[in-house]
Amino acid sequence: MSTVLTPELTAHWDEADSFTLAGYRRAGGYQALPRALAMQPDAVIAAVKESGLRGRGGAGFPTGMKWGFIPQGDNKPHYLVINADESEPGTCKDIPTMLANPHALVEGAVIAAYAIRANKAFIYVRGEVLHVIRRLHHAVAEAYDAGYLGPDILGSGFDLDLVVHAGAGAYECGEETALLDSLEGKRGQPRLKPPFPAIEGLYACPTVVNNVESIASVPAIIKNGAAAFAALGTERSKGFGIFSLSGHVTTPGQYEAPLGVTLRELLSIAGGVRRGHMLKFWTPGGSSTPILTHEHLDTPLDFEGIGAAGSMLGTRALQIFDETTCVVRAVLRWMQFYKHESCGKCTPCREGTYWTVQVLDSLENGQGSAADLDKLLDICDNILGRSFCPFGDGAISPIVSSIKYFRDEYIEHVKRGACPFDPAAATTFSESWRSR
Amino acid sequence: MAYSEQDKAELAGQAGQIIARYPVSRSALLPLLHLVQSREGYVSNDGIAYCAEQLGLTEADVTAVVSFYTMYKRSPVGEYHVGVCTNTLCAIMGGDAIYAGLRDHLGVDADEPTADGKVSIERIECNAGCDYAPVVMVNWEFYDNMTPDSTRELVDGLRSGDCRAPSRGAERLVNWREAAMILAGFPDDQAATGNTAGGPTLAGLRIAKENGWQPDNGSNDGAQH
């Protein structure tokens, strides 16, 4: 088989001290930083643009372009804020990255801050991951001691202060402007855009907000060259990325591969769907990306390919569900999540998610009617494009896509007056899973 | 009863360090709330008043922030707060059965401590450990690939003082108040302990090594400069 996986970020995670400064240096860490500091900041931005790196937090905005939007010579402080609030259901790549290799994030942060001329940076990490927070503090302290953070980094004259800031439990804070409000000590609610954070971000100053994996990818781009990064992936989706397989798969886990790899390829090396079962539906990038089916096994997992299939690449959170899974139950639970996490700022999202839960709950329990499907789609129509931030658009994805592919299964609930599935069969402690 | 002068004196050093991290003092509110939660085990009205005073905010300003975030508790929880992921993937893989079993076993509802004050439970949203589903958190440390039986054994151990170490976390499981102190930005000395990466974290790397797959970097080294 030709090369499917390209471990770069993940290459040394199996070494016991990969999270330490010594372990990271042994793996070639902190070689990119002096190179970057010897370049003009604009040349660093140009290199990241040239690499084709697109944001790894879901939206896929070109990272170098985002950096280039920061006004220069404006006599205002600039800020770099790293979005480590990984909470999109199914997404589980940044947490292992920060556990095993927090220094890649720190090195990337110094390079990024240098490029945008920021002297203060924050890692906004979700609060519910205690050991990750320890590891981040540990790495930051080691980097200060080694002269990679603080005043006059490596004699360059560049100063950077990096603060680890723990959140307190709110999915909405993954949205970049809500994250900024939260970092300012407020409720985590989104802001109207424009102005975009590049113009008025943290404390109304120019700010770049980047995902953990985006920033952690930067040292490799500087060290190996933009061309090496751009040589991987597809025409408009360059480079490598971490694909997270979870659910009814034989070997769940993190798989680092060039963008454009297919689910069929990933499943084949991961031992396939759990033995004796078949793929029913999957998410390409978390619950906010419309579900796909076996029809899409050969769709390239890049921004364009998944977009053309009617979904979004998102965070490459490949949640695999086999035929024992009730799609109505799955969608109901996702909507309960969105209802719980809706920040309440705008009416379509706050009220809409609430009502979809009521309708889905009655459908799942066999109390619904066929007309409820139209009602659901009508509510979704009133959320899509009418919400204040992308939360609402993401929230309707499971409903619309599941009705598209599994309308008959909804109707079956109505006909039977009950859910036709046994939830025990889908668990990891079911007989069929144990016997694998 | 508001914090006494002695309480305030004890907190002054840490509160001052927190506020000094930020160019604008209000940014210190979330970590300050973690700090008062560490002191009392929950965010009391006194804790809110303290944070408001530190930052020149009203108590209403602070209360509005507290109520937005699920990790702040307004009444005491257990010394070991157990979160069961019941978001879709974990729920289907067994999280629903784990939570139902735990609630029956302990006879408590969400955020309500057991009579001995040892354990409380909560349904949590996705905690970014999906490749280890079903996931259970204790004081925000990962317990991976759980079942109803293993979770019951885990909480029984927590109540009897036999605290099993997390699957991916510190060697010694900290209690709820110690965890809040770490969240306030004062880590303990356990960063270098515990597991760095479990099996699923390393699955792709292992398979790549078995097949001799690696990215082609060498020849382009620094070529663009």
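Each chain gets a letter, A, B and so on, in the order the sequences are listed, and its residues count up from 1.
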> Yes or no on side chain to side chain contact (heavy atoms under 4.5 Å, CB included) for Trp140(B) and Val132(A), after CA distance, side-chain angles and deciding distance?
Replying inline: CA-CA 10 Å; Trp140(B) 311 118; Val132(A) 170; over 6 Å; no

> For Phe321(A) and Leu89(B), what are the C-alpha separation, side-chain angles and deciding distance, and is it a side chain to side chain contact (heavy atoms under 4.5 Å, CB included)?
Replying inline: CA-CA 8 Å; Phe321(A) 298 94; Leu89(B) 188 118; 3.8 Å; yes

> Yes or no on side chain to side chain contact (heavy atoms under 4.5 Å, CB included) for Asp188(B) and Arg134(A), after CA distance, side-chain angles and deciding distance?
Replying inline: CA-CA 8 Å; Asp188(B) 60 13; Arg134(A) 284 193 192 93; 2.7 Å; yes

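- Of the atoms belonging to Glu86(A), heavy atoms from both backbone and side chain fall under 4.5 Å from chain B.
- For chain B, the nearby parts of Leu99(A) are the backbone and the side chain; heavy atoms of each come within less than 4.5 Å.
- A distance-only check finds a donor-acceptor pair linking the side chain of Ser27(B) to the backbone of Leu183(A) [under 3.5 Å].
- Taking chain A as the reference chain and counting heavy-atom pairs below 4.5 Å, the highest number among Asn145(B), Asp149(B), Asp189(B), Leu183(B) is found for Leu183(B).
- Side chain of His137(A) to main chain of Ala191(B): no donor-acceptor pair is present (N/O by atom type, distance under 3.5 Å, no hydrogens or angles).
- Proximity to chain A (any heavy atom under 4.5 Å) is shown, for Met93(B), by both the backbone and the side chain.
- In this structure, Arg329(A) pairs ionically with Asp96(B), as a charged nitrogen and a carboxylate oxygen lie closer than 4.0 Å.
- If you measure heavy-atom distances from Ser182(A) to chain B, the contacts under 4.5 Å come from both the backbone and the side chain.
- Heavy atoms of Gln190(B) lying under 4.5 Å from chain A belong to its backbone as well as its side chain.
- In terms of heavy-atom proximity, Pro89(A) sits nearest to Asn87(B) at CG-ND2, 3.5 Å.
- Proximity to chain B (any heavy atom under 4.5 Å) is restricted, for Thr325(A), to the side chain, taken from C-beta onward.
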>> Assess the residue pair Thr88(B) and Gln336(A) against the criterion (side chain to side chain contact (heavy atoms under 4.5 Å, CB included)); give the C-alpha distance rounded to whole Å, side-chain angles, the decisive distance to 0.1 Å, and a yes or no.
In response: CA-CA 9 Å; Thr88(B) 299; Gln336(A) 288 170 329; over 6 Å; no

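- Interface remark: Phe243(A) contributes no atoms to any contact with chain B (heavy atom separation under 4.5 Å).
- For Cys343(A), the parts sitting under 4.5 Å from any heavy atom of chain B are the backbone and the side chain alike.
- Minimum interatomic distance between Glu8(A) and Pro215(B) (heavy atoms only, all atoms of both residues): OE1-CG, 3.7 Å.
- Atom CG of Leu130(A) is separated from atom CZ of Phe142(B) by 10.5 Å, given to the nearest 0.5 angstrom.
- Of the atoms belonging to Ala16(A), it is backbone heavy atoms, and not side-chain ones, that fall under 4.5 Å from chain B.
- Scanning for side-chain hydrogen bond (donor to acceptor under 3.5 Å, both in side chains) contacts around Glu172(A) gives an empty result, with sequence neighbours left out.
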Quiz: residues 197-208 of chain B side-chain donor-acceptor pairs under 3.5 angstrom, not counting sequence neighbours:
from      : atom 1 : to        : atom 2 : distance (Å)
Thr201(B) : OG1    : Tyr132(B) : OH     : 2.5
Arg206(B) : NH1    : Glu210(B) : OE2    : 3.3

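- Residues Lys120(A) and Pro23(B) share a closest heavy-atom pair of CE-CD, 4.1 Å.
- There is no contact between Ser25(B) and chain A, counting heavy-atom distances below 4.5 Å.
- A salt bridge does not link Lys186(A) with Asp61(B): every distance from a Lys NZ or Arg NE/NH1/NH2 to an Asp or Glu carboxylate oxygen is 4.0 Å or more.
- Of the two parts of His248(A), the backbone and the side chain both hold a non-hydrogen atom closer than 4.5 Å to a non-hydrogen atom of chain B.
- For the pair Tyr69(B) and Gly188(A), the tightest heavy-atom approach, listed with the atom from each and the gap, is OH-N, 3.2 Å.
- The aromatic rings of Tyr22(B) and Phe122(A) sit parallel, their planes meeting at an angle under 30°, below the 60° perpendicular limit.
- For Ala184(B), no part sits under 4.5 Å from any heavy atom of chain A, backbone or side chain.
- The main-chain N or O of Thr193(B) is found under 3.5 Å from a side-chain atom of His131(A) such that the two form a donor-acceptor pair.
- Residues of residues 121-129 of chain B lying under 4.5 angstrom from chain A, judged on non-hydrogen atoms, are Arg123(B), Glu125(B), Cys126(B), Asn127(B), Ala128(B), Gly129(B) in numerical order.
- Separation of atoms CG (Asp131(B)) and SG (Cys92(A)) is listed at 4.0 Å; rounding is to 0.5 Å.
- Only the side chain of Glu341(A) comes within contact range of chain B, judged by heavy atoms closer than 4.5 Å.
- For Arg21(B), the side-chain contact (heavy atoms from CB on, under 4.5 Å) partners at least two apart in sequence or on another chain are Val163(A), Ile18(B), Pro31(B), Phe186(B).
- Only the side chain of Tyr203(A) comes within less than 4.5 Å of a heavy atom in chain B; its backbone stays farther off.
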